[in-house]
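Reminder, nothing fancy here: chain letters follow the sequence lines and each chain counts from 1. This one's a predicted model, so the numbers in the text were calculated from it and none came from an experiment.
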Amino acid sequence: MTAALTRPVRPRRRHLRAALLVLPAVIPVAFVVIGGVGTTLLQSLGLMPLVGSAELSTAAFNDSDELLTSALLSLSIAVVSTAIAAVIGFFTAVLIISGNWGGRIVGALGAAAVTVPHLVGAATVGLLLSDSGVLARLFGVAPDAWPALVAGPTWFAVIAEYAWKESAFIALIIVGTLATRITSYDETAAVLGAHRFARLRLVLFPLAAPSLLVASAIAFAYTLGSYEVAWMLGQTYPEPLSVMALRLFNSASLTARPEAAAIGVITVVLTAVVVAAAMLGLRRMRAWR
Amino acid sequence: MTPTPTATATATATATEPVAADAAPSAITLTGVTKTYSAALPAALQGVNLDILPGTSTAIVGPSGSGKSTILRIIAGLEDANGGRVRLAGRDVTALLPEERGIAMVFQRPLLFPHLTVLDNVAFADRAAGLSRAQARDRAREHLELVHMAEFGGRSPHSLSGGQQQRVAVARALAAKPSVLLLDEPFSALDPGLKDDMHAMIAEIRQAVNPTILFVTHDRDEASAMAERIVVLENGQLLQHDSVDHVFHRPASLAVARLLGGKNAFAGTIENGVHRSALGDVALDGDVASGPATLVFRHEAVTSTLRQPTSGADADALATRHADAAACQRFGPRELHGVVTSTVQRGPRREVIVQVADAEVYTEAAPGHPLSVGDLVTVSLPCEALWAVPAS
């Protein structure tokens, strides 16, 4: 029995066994991703019409001006909110890792923030920042004098909501990957004469960079693709891609469905490009290798 | 072994060694250092006083939980002491942060920064101090050469073996130009061959740059190989700080003798320079005070050799042969007769337990003379091996 247990497994059989073991996870993911993206692509190209005959066409992509405006707006919101979330998330993680009482409180708040759904978060931010909201009343500012933070041209409330929620997510990802080893490296750097800022610059940030990049890529992809926050707190025009896609998808006109699918395809392409760039950046990091 | 010319019969602990007022300040001075991690736990350190002279290499030995690493971490500033002062080269650093103390520390794990090459790891201290990358790397190359790792500069830490990583860790610490180099069991995870290489490397480094080294080890052989002085700790108390030879052969207490691996201890009484115990009467060197005392001697210093019985009662009889020259042999016996009751092979050495009268004596078989249970043997006790500590 011992011999059977310890018998070496040939590499090809080992690979086959590993592939079989991950299949239960891969099949549903592949079904949703490939199936969903494939269907969207076919719809956007007129090959899966709800009515009429299938005919290859790029008409759904033809309104390039509006698509470009929406794409730039979506990218702007996603880039700015992700960048803010990354900075806040990194320093929040540093505070949590420090292990003092302030860090523990921030850690608890961060964990609580992650559990709040974006829809609830958006409603909360709206109640807080609108011209008749809590802050305006707290400071005694009349609605006319209060800046247009909600549904205004700066998309402040949308960006603030995404930055708040995603910073907590990014912080917890970094803490999760660094918590068990960062203290040792930090102490090592300290006894080599490195002051606090040098340790942050030369040790903490480079070690956190892979998880920071991955978490930021996830946050970016989510922000670009989600609609509810921008739909609740943003302007009605121009619309981000996700909001426009939702509106067109729910449109009474069945011919608008290919246009909604086209926006979905564009969103997927933009996300894929950013995620691919992040993965390339990750491979170049020595700390990741 | 160097006998103590004026040894006292009952040794006194040399916990601190006062430094003359006009002498250079000690590299490390601990005064009444106390550390408690929790009120529910016993103190990790209890009023430790310690002076480490510049340019020396000192080992801290003691059982697990004795406070060895805590001393190092308090000197480094990684732990705050609850009481007492820490001085480095005469400067009170008790309230300073680790990075302000001018020390460097190597841990049990090499902890090389995984995002830096070997060369950049060694250049780390200079980079942190503000030097340019090129300058820092130039200096780092010199330190890599010191540890014979110059050709590995471009490699990633994870591509090195454990021993190579620890060499780089030592080079990185030296590159910080520390006034004191602290080593916390740095070679404990290495195999014996690699350990020997590391000891040789440390000897080379000491010749080249002569840093003050304070290191923690649980390996007595390593302590004696790397240090000229040993600090013995137990339960947070400093039991003895002395030369390697004295700690092994002139222990301050029975606890020190036991902690350093001494196996022979015979409780008895000293009268007129002779220790009386189950072992018999054993004369001691020097000016010895009378009173209760425990006779100790290292088993490695005592050899058993086969002998032929001369009479039926000879096997368990004490020899009464007297030497004629040395003062320590006024009364004898120095050669005991006994029977082998057990043997244990330890590497190239054979440990032999001999029943002598009512006592068991741990000895070693003379090279080339394998002994078996039941053999009649002569146990030779060199005068210099004998030492008495206060009765516990």
Student: Where does Phe107(B) contact chain A at under 4.5 Å (heavy atoms): side chain, backbone, both or neither?
Tutor: side chain

Student: Flag the one option from Arg196(A), Arg201(A), Arg181(A), Glu187(A) with the top tally of heavy-atom pairs under 4.5 Å to chain B.
Tutor: Glu187(A)

Student: Under the 6.0 Å and 45° cation-pi test, does Arg167(B) pair with Phe152(B)?
Tutor: no

Student: Measure Ala129(B) against the heavy atoms of chain A and call it side chain, backbone, both or neither at under 4.5 Å.
Tutor: neither

Student: With the side chain counted from C-beta on, respond yes when Ile218(A) and Phe169(A) share a heavy-atom pair under 4.5 Å apart, and no when they do not.
Tutor: yes

Student: Under a 3.5 Å distance rule, please check whether Arg199(A) uses its side chain to pair with a backbone N or O of Ala194(A) as donor and acceptor.
Tutor: yes

Student: In this structure, which one of Thr177(A), Leu178(A), Ile174(A), Asp186(A) forms a side-chain contact (heavy atoms from CB on, under 4.5 Å) with Leu207(A)?
Tutor: Leu178(A)

Student: Please check if any side-chain donor atom of Thr217(B) sits under 3.5 Å from a side-chain acceptor atom of Asp219(B), or the reverse.
Tutor: no

Student: With a 4.5 angstrom heavy-atom cut-off, could you sort out which part of Leu182(B) is near chain A: side chain, backbone, both or neither?
Tutor: neither

Student: Is it true that a side-chain atom of Asp120(B) and a backbone atom of Ala123(B) form a donor plus acceptor pair closer than 3.5 Å?
Tutor: no

Student: Relative to chain A, which segment of Arg101(B) carries a heavy atom at a distance below 4.5 Å: side chain, backbone, both, or neither?
Tutor: neither

Student: Identify which of Pro114(B), Ala173(B), Ala125(B) forms the greatest number of heavy-atom pairs closer than 4.5 Å to chain A.
Tutor: Pro114(B)

Student: Please flag which part of Ala189(A) lies under 4.5 Å from any non-hydrogen atom of chain B: side chain, backbone, both or neither.
Tutor: both

